[in-house]
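Just below is one structure, and these are the notes that go with it.
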Amino acid sequence: MNKRSQKLIFAAAALLALLAFVGWRCLAGVDLPTEYIATGRLPRIRPDYSQTVIPPNIAPLNFLVEEPAAEYRVRVRGSAGDDIIIGSRTPSIVIPPRPWRELLGHNRGGRVTLDVYAKDEQGRWSRFDPIANDVAREEIDSHLVYRLLGPVCNFYHNMGIYQRNLENYDESPIVTSDAVDVCFNCHAFVKNRPDTFSFQVRPGQAKDIKAGMILVRGGHALRAKIESKAAPKPPAYTSWHPAGSVAAFAMIHPEQCFRGAGAEIRDVFDYDSDLGAINFQTGAASTSRSIADPGRLETFPAWSADGKILYFSSAERFWDRDHPLAMDAVDKIMYDLVCVPYDIERDVWSEPETLLSAAQTGMSISQPRASPDGRYLLFCMADYGTFPIYRASSDLYLMDLKSRKYRRLECNSPQSDSWHCWSSNSRWIVFSSKRDNGWLARPYFSYIDAKGREHKPFILPQKDPTFYDSWLRTYNVPELVSGPVTIPQSELERAIRSGNPAAGPQKSSPVDDDPYRSNWTRPYDGQ
Amino acid sequence: MSVAVLRRIVGPLLPLFPPRVVLFALLFAWFLHAAVDLRLVFLVRDVLFLWNARYLTDLLGQPGSLLQWSDNLLAQMCYLGWPAAIAIAGVTWLLLVSTIGLMSALARAKIGGVWLIPAILVVALFSGYFFPTPVIVGLALAIAAANGWARMPACRPWLRFVLFVAVSIVLYYVAGEAYYCFAACCAIHEALAERRWRAGVLFLLAAVVVKFGLDAVLARVDLASHNFHVLALDKPQDVPTNWCAMALYLYFPTCALFVVFRQKVFHLIGALWRRLRRSLGKPSLPEQGETTSQSREQHGRAGGGLSWTRLPPLVRWAGGTLLALSLAATVGFYRLNRHRKMLLEIEFCTQHGLWDDVLAKAKALPAAGYSPFVNHDVNFALYHTDRLPYQMLSYPQVYLPLLGMSDVGENVALFRRPFDLLLEVGRVNEAEHLALEMLETRPSGSILKRLAMVKLIKDQPAAARVILNVLRDDLVWGHWAKERLRRLAADPHLTDDDEVQRIRGLMLSKDDMHLFCGFLPNGNVFFNTGIWLFDLLKRNGENRMAFEYLMAICLCKKNLEAVAQLFSYLDGMPYSATPPIYEEAVLLYASTHPNEMREVGAGMFFRGRQISDSTLKKFRRLQEIAAQCGGAGEKMKAAIARELGDTYFYYYYFHTPGKP
């Protein structure tokens with residue numbers, strides 16, 4: 001063996017030894033300190049994942065320990081399953097996903113506890129009181145679909161509808177303005193199913209794209225043609241009938257204004273709005289004075305769990321062409337909560353009934369959402385209007401549909417809480433809350449137990465616990481769905497572009513041949 | 001260390017530093033710093049760049065995205081000017097040295113002059129203010145790689161092909177479109193220089209496959225659309241397609257072909273030249289193979305006349321260098337956009353509060369060259385030097401002092417000027433609106449800074465913290481952000497921040513939306529932004545900026561009634577005497593409303609304020625001129641211009657809005 005070979009062997013051996021040492025250090029894990037001082041108080045952690053109820057299938061709730069220390073140890077334990085021990089020289093505590101999943105699985109319906117230890121500069125360990133979180137028996141739907149956008153005003157270039165796997169941290173775009181530079185909004189699913197949904201597009205930079213509704217069903221996307229002379233406005237807020245064959249939608253004329261003082265500079269009003277419904281089996285769209293009264297503004301349709309009732313918000317339209325709305329009267333637009341029975345077989349709307357009036361509550365009611373089990377109606381109330389995301393006064397309220405009693409949820413904050421959605425098992429709600437900074441909305445989850453009590457909300461977990469500290473985007477319309485949306489973005493892009501008038505005749509396209517074409521009729525036209 | 005050892009160490013490095021190229025790079029750096037002034041480029045190219053991994057990962061989704069990253073980094077370095085100048089000169093040096101190396105390798109002989117054309121093209125590219133660094137950074141990488149390729153020792157064909165594909169993937173991903181130059185030069189090298197025709201064709205085919213294959217793969221795994229980014233990034237800066245960039249891209253494959261076929265090309269040119277001379281009846285030049293001296297003797301020129309080749313090498317070198325640098329300097333001189341530079345200098349001075357410089361440069365600018373933004377900057381500088389009520393008519397008032405949407409048009413980045421004005425005057429919500437539009441359209445560190453300032457003033461510390469946490473990784477404003485975060489930690493309401501407190505004292509406490517906007521019968525909304533300043537003034541009668549700008553708007557609009565109404569607010573202003581322009585305006589108003597004037601003793605009073613004798617004297621002179629000239633005509637205009645040209649009288653009667 002020559003000298004060169006000897007050197008090579010020596011170098012290889014040294015490398016192997018180094019790798020073995022590193023591997024040993026990694027696999028050996030960390031131990032909890034045996035000697036410590038009990039602080040007698042809870043540790044400060046961020047995000048606040050304490051004293052709450054979490055789904056058994058949620059991704060690890062990584063957090064920051066906001067206690068000054070040179071080193072940290074955290075033990076995650078439950079009454080069953082292996083403890084997870086994490087050591088960190090930074091305040092960032094990142095919980096390994098697989099052990100976390102196993103621990104939650106073993107403690108479904110039980111409790112997981114966080115023991116936080118901190119070592120000071122002198123090497124002394126302190127132990128804080130344990131943080132306990134209950135683990136619900138009921139899972140949350142696996143995916144969250146939301147619109148991500150900046151705090152936009154008139155211009156919007158970077159927005160999209162994204163989905164996030166709640167069981168891990170995977171986020172992927174469903175459709176973004178990178179593909180087509182338009183505004184996407186009002187995505188709505190059929191009974192939390194990811195395969196059938198709709199969303200709206202509105203021209204942005206790509207001005208040749210026509211506003212309208214995009215329907216996704218059976219792996220295909222189509223542009224719905226429901227506009228007519230009688231319905232000049234494209235559909236906006238949409239609610240799918242549980243049968244999946246009918247969708248109710250609002251046709252709105254929104255206007256945005258900017259306030260000269262106050263924390264929120266933007267305000268949005270509906271100058272006009274009506275409701276309509278489209279039957280996707282017959283292709284017929286219809287409406288009725290019950291849901292499209294010229295003297296009222298109807299918006300935010302929401303079907304009951306059995307599909308026999310449509311809930312919506314309704315306000316008096318106290319202006320007309322001859323007497324335009326005065327700008328100082330916009331804060332007098334107050335919406336009532338109204339319901340109207342609907343016979344899907346005969347496509348007949350009954351007389352609307354006011355469930356809860358603004359006069360009773362002193363507040364404007366919007367965004368009703370019925371729980372899938374038919375027991376509750378969740379809605380917003382704000383000081384006025386129908387754009388609660390811009391109103392700090394907006395809070396969530398829960399109505400028991402049997403007793404029609406309602407109450408303000410404890411999980412509200414001093415900032416805007418709105419855009420709520422039920423999970424398919426009616427045990428979880430998600431909503432957009434601006435409680436963190438009063439400016440950008442984040443998705444929060446809350447457990448609704450069998451008695452209809454809500455529990456302390458927690459924010460959508462992120463891999464990096466400091467994620468929200470520098471996240472300049474807002475989460476809009478978070479919707480829980482039972483699986484991933486799999487339709488390719490290219491298919492959605494094709495559907496969005498298909499209504500492009502500049503594209504010329506498209507006789508062979510599925511859009512023209514589709515059964516979704518409507519023959520919109522408005523019974524009271526001309527009256 | 002002996003000279004021999006030093007030579008052994010330094011010797012191999014010498015080809016990397018050809019004196020002419022080094023000299024050119026040094027002078028180019030000076031040109032960028034002194035003539036172009038890269039600090040002005042920063043104004044044009046201020047895009048968001050964050051020094052963190054999250055920002056980088058956002059740019060990893062498409063070929064050439066790393067160039068975009070480096071481009072944004074270089075744009076940030078322009079804030080100080082010289083670091084970017086050095087960096088660009090360094091990249092240019094790499095490009096030129098690689099060009100010499102590549103062409104020499106292709107020619108199998110030392111070829112020195114091939115750097116000149118790309119050098120001139122680079123000067124031409126960087127004399128404008130669009131700063132196309134992806135072009136030269138990409139080309140420098142591509143040509144450096146091609147140089148390495150041409151000098152690679154011979155190896156098995158399959159290994160060579162695999163290596164080419166591997167380098168191609170990396171280079172296309174990193175350098176984007178500049179990769180085509182690498183592929184073309186490598187194919188030329190294989191097919192023509194090495195005479196491996198099949199390999200050359202295979203390389204070209206492989207290049208096409210790499211390009212489309214990588215595009216397809218990255219389209220499926222588009223990291224950028226996976227929303228890692230902190231902020232919505234600006235769309236990639238499209239380098240304007242101009243002849244310089246195109247010529248630069250085309251130069252390398254063309255030059256490679258030329259050096260490979262240079263013998264044949266020279267032979268062909270020589271043959272054509274001889275044929276031409278013969279056809280003109282002149283003696284033929286030496287055929288190939290004849291020595292120069294033979295030729296000289298044959299043509300009786302030995303020992304006579306000035307021959308370039310007979311000059312001492314140093315003189316030849318100096319002459320060649322001078323010629324090359326003169327060519328580059330000439331191109332730089334003619335390509336430099338002086339008018340744009342002047343406008344940018346005015347903006348730069350405004351941004352940095354160099355008010356006297358703003359006014360001095362604006363004076364040097366012809367009135368026809370005024371833009372709404374120059375107009376804004378001049379008035380801003382006049383306000384900050386307490387001269388707006390006195391000297392605003394000394395500068396062309398082509399546009400209204402408060403910029404509107406129509407002035408800014410599609411270029412939302414220019415909202416920063418009205419933003420600065422609105423924030424300072426106290427219309428904080430309107431300033432926030434503009435900042436949000438800029439953030440969505442073209443985010444940058446300076447816009448985040450402005451937005452953070454709004455949130456601090458509005459006492460929204462949590463929202464401000466989110467912005468500052470992003471901004472802390474900005475190379476330019478990072479320190480500012482960290483300092484604000486520190487102050488916020490100590491005092492979330494910033495009660496001891498003078499600037500914050502000052503603007504809080506001016507801003508509205510009650511919304512006035514119903515006063516400045518309303519609904520039309522069709523439901524659309526209209527705005528009246530003039531109300532903004534008036535409401536501020538009503539709230540705080542000592543808001544000098546609101547008063548002076550409102551007065552300036554009314555004067556420019558020739559709304560004398562409004563000027564007369566605002567006259568009462570002079571009581572809250574710190575003027576020792578009423579500014580003459582205001583007096584002149586109210587005298588014009590009083591000429592149609594004589595009841596408004598009061599004569600008390602020897603003085604004339606308008607709504608309780610005495611009009612100065614000098615203004616009254618000018619007004620009487622105006623009346624005399626009008627009487628002499630019959631009230632109209634060019635004669636009166638000339639007379640008033642001559643005697644009262646700097647007064648509001650002249651402006652009122654003869655200025656056409658929108659014209660200098």
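Remember, predicted model here, so these are calculated numbers, not experimental data. Reminder, nothing fancy here: chain letters follow the sequence lines and each chain counts from 1.
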Study note, to complete from the structure: Whatever's closer than 4.5 Å to a heavy atom in chain A on B:L451 counts as side chain
Check your understanding: Given the options B:I467, B:L436, B:N429, which has more heavy-atom pairs under 4.5 Å with chain A than any of the others?
Key -> B:N429
Check your understanding: Between atom CG of B:D512 and atom CZ of A:R259, what is the distance when rounded to the nearest 0.5 Å?
Key -> 10.0 Å
Check your understanding: Counting heavy-atom pairs under 4.5 Å to chain B, which of A:G160, A:G262, A:G438 comes out on top?
Key -> A:G262
Exercise for review: Using non-hydrogen atoms and a 4.5 Å limit, figure out which bit of B:L468 sits close to chain A: side chain, backbone, both or neither.
Suggested key: neither
Review point. When rounded to the nearest 0.5 angstrom, what is the spacing between CD1 in A:I265 and CD in B:E432?
Key: 4.5 Å
Check your understanding: Is the shortest heavy-atom distance from the side chain of A:P151 to the side chain of B:E440 under 4.5 Å?
Key -> no
Check your understanding: Just wondering, more than 12 heavy atoms not from A:K332 lying within 6.0 Å of its NZ?
Key -> yes
Point to revise | Residues of residues 455-464 of chain B within contact distance of chain A, non-hydrogen under 4.5 Å | key: B:K455, B:K458, B:Q460, B:A462, B:A463
Practice item. Find the distance between OG (A:S470) and CZ (B:R54) and round it off to the nearest 0.5 Å. Key: 4.0 Å
Point to revise | Contacting moiety of A:L440, where chain B heavy atoms sit under 4.5 Å | key: side chain
Point to revise | Taking every non-hydrogen atom, the tightest pair across B:S509 and A:A261 | key: C-CB, 4.0 Å
Point to revise | A:N437 vs B:R465 side-chain heavy atoms within contact, under 4.5 Å | key: no
Practice item. Sort B:R427 into side chain, backbone, both or neither according to what part of it lies under 4.5 angstrom from a heavy atom of chain A. Key: side chain
Revision key, fill the gap. Okay, B:E430 and chain A: the region with an atom under 4.5 Å from a heavy atom over there is side chain
Practice item. Determine, step by step, whether A:V152 and B:E437 satisfy the side-chain contact (heavy atoms from CB on, under 4.5 Å) criterion, reporting the C-alpha distance in whole Å, the side-chain angles of both residues, the deciding distance to 0.1 Å, and the verdict. Key: CA-CA 7 Å; A:V152 295; B:E437 301 290 21; over 6 Å; no
Exercise for review: Could you tell me whether the side chain of B:V466 reaches within less than 4.5 Å of the side chain of A:D469, counting heavy atoms only?
Suggested key: no
Exercise for review: Check whether any side-chain heavy atom of B:M513 lies under 4.5 Å from a side-chain heavy atom of A:D328, and answer yes or no.
Suggested key: no
Review point. If contact means a heavy atom pair closer than 4.5 Å, which residues of residues 482-493 of chain B contact chain A?
Key: none
Check your understanding: Between A:F155 and B:F415, what is the ring plane arrangement, given parallel below 30°, perpendicular above 60°, and tilted in between?
Key -> tilted
Review point. Contact part of A:D436 toward chain B, heavy-atom cut-off under 4.5 Å: side chain, backbone, both or neither?
Key: backbone
